[in-house]
Amino acid sequence: MTVFWAGRAWLDGRVADDVRVRCDEAGRVAAVEAGVGSEDGDRRLPGVVYPGGVNAHSHAFHRLLRGRTHDGGGSFWTWRELMYREAARLTPESYQRIATAVYAEMVAAGWTSVAEFHYVHHQPDGTRYAEPHAMELALARAARAAGIRLTLLDTCYLSSGFGAPLTERQARFGDGSAEAWLERLAALRTRVAQEYPPGEVSVGAALHSVRAVPVQALDVAAAGIAAFGAAMPLHVHLSEQPAENEACLAETGFTPTELLAEHGLLGPRLSAVHATHLTRTDIELLGAASATIVMCPSTEADLGDGIGPAHALRAAGATIALGSDQHVLLDPLVEARMLEQGERLASGRRGRFSPAELVAAMTIGGAASTGLEVGEIRVGAFCDLIAIDPDSLRTAGSEDAQLVMSATSADVLEVVVGGVTRVANGVHAVLGPLSGVARTLASVAR
Ligand code: ZN
């Protein structure tokens, strides 16, 4: 039993003083008390303690492109070509090495859980590895080395666009049919459950997009996912670009959201990623379904996607979560801040999301998206904590409850996952100084 004590900590949507958190052997919070002194043997955490961030959308290998795609102009679609080039050279070994470093960067930044939207399943020509889950297990091992909770979203990717065959570069993403994908997903789920404790690595489902899953396959996918039970998360990239909407309307007569609704795929298990270009009807459908919307503000800005209607979606009944997607930056605080900043730029108004609502998007929004008991300092939840420095050059003078508007990942002093300190004072408990992690990232990007 480890007991943590913090002078100030985020409880129930506000900052409380003198907080003791008892963590049990399973890494869950066993008791929380506010207004109590520390006792001998307590682990005193520095700064202001918040729940760890829950990153609801990641493609680990996209980190390879950071700071390397900005000199040629272009669009989302030209950026995608560069990304495919990186996907083509991944091996299980390099994937594990890259993901370990990226997940370590995430943990150091204050993301303590990640939902990995994974589609690089097979060998570059599309044939299976001798170990059919080689790429998936590479991610699981990476997450354990880095000390982050992983929800591995195994992705159905069958088409280069509304039934068109996969291109040569997409061959390794595909399983050939929705049935074959479901079969591999079921086997992966069993394998992961055998090898990892629940909550450390878990498996969910994803449909890459309405572009990548032919209309006829949507019903098969929907039935297969339903058979896994209500707790199985389902994620989908939705309406990130106007071109997807136009093609979907031309092919099916529906917007992407309407198409998902037609096939019974809207509901509380669904996380729609981006949801940038929506109609009023789309917003109402997603809200009425109590879906989660994973906004990825840093990626949406970087790729020129646009500013999604997060405020309207929340007002309609959707839950807002955050993801770092292509990792142009890894910083839960800045990601949360950019959600509000996008709203201000689009609306001409301030305070569209309060600081408490931004913290919720950064934490419990991701918990809704992954189904994990994380994102809050409460009895029964995993003891995942980040300590933020309120006295740095960036944060000095800020109110503790508004640190989400001033702090950055550089102000994250200590990160605890499952009651174990993973990063403190610039050192990762397993991987050593973060400067070494940075050297790994530099070497794999070249
Ligand atoms: Zn994505």
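Just follow the structure's listing: the first ligand is 1, and inside any ligand the first atom is 1.
- Among the atoms of Cys296, none of the N, O or S atoms falls under 2.8 Å from the Zn ion (ligand 1).
- Nearest N, O or S atom of Asp325 to the Zn ion (ligand 1): atom OD1.
- The side-chain hydrogen bond (donor to acceptor under 3.5 Å, both in side chains) test with Tyr103 singles out one residue from Arg144, Arg63, Arg149, Glu116, and that residue is Glu116.
- Draw a line from the Zn ion (ligand 1) to NE2 of His59 and another to NE2 of His57, and the angle between them is 100° (to 10°).
- Legend: residues meeting side-chain contact (heavy atoms from CB on, under 4.5 Å) with Ala368, ordered by chain and number and at least two apart, are Thr292, Thr319.
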Tabulate below the donor-acceptor pairs under 3.5 Å that side-chain atoms of residues 216-227 make, not counting sequence neighbours, or state none.
unit_1, atom_1, unit_2, atom_2, d
Asp219, OD1, His263, ND1, 2.7

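- Taking the six-membered ring for Trp and thresholds of 30 and 60 degrees, Phe117 and His59 have ring planes more than 60 degrees apart, a perpendicular arrangement.
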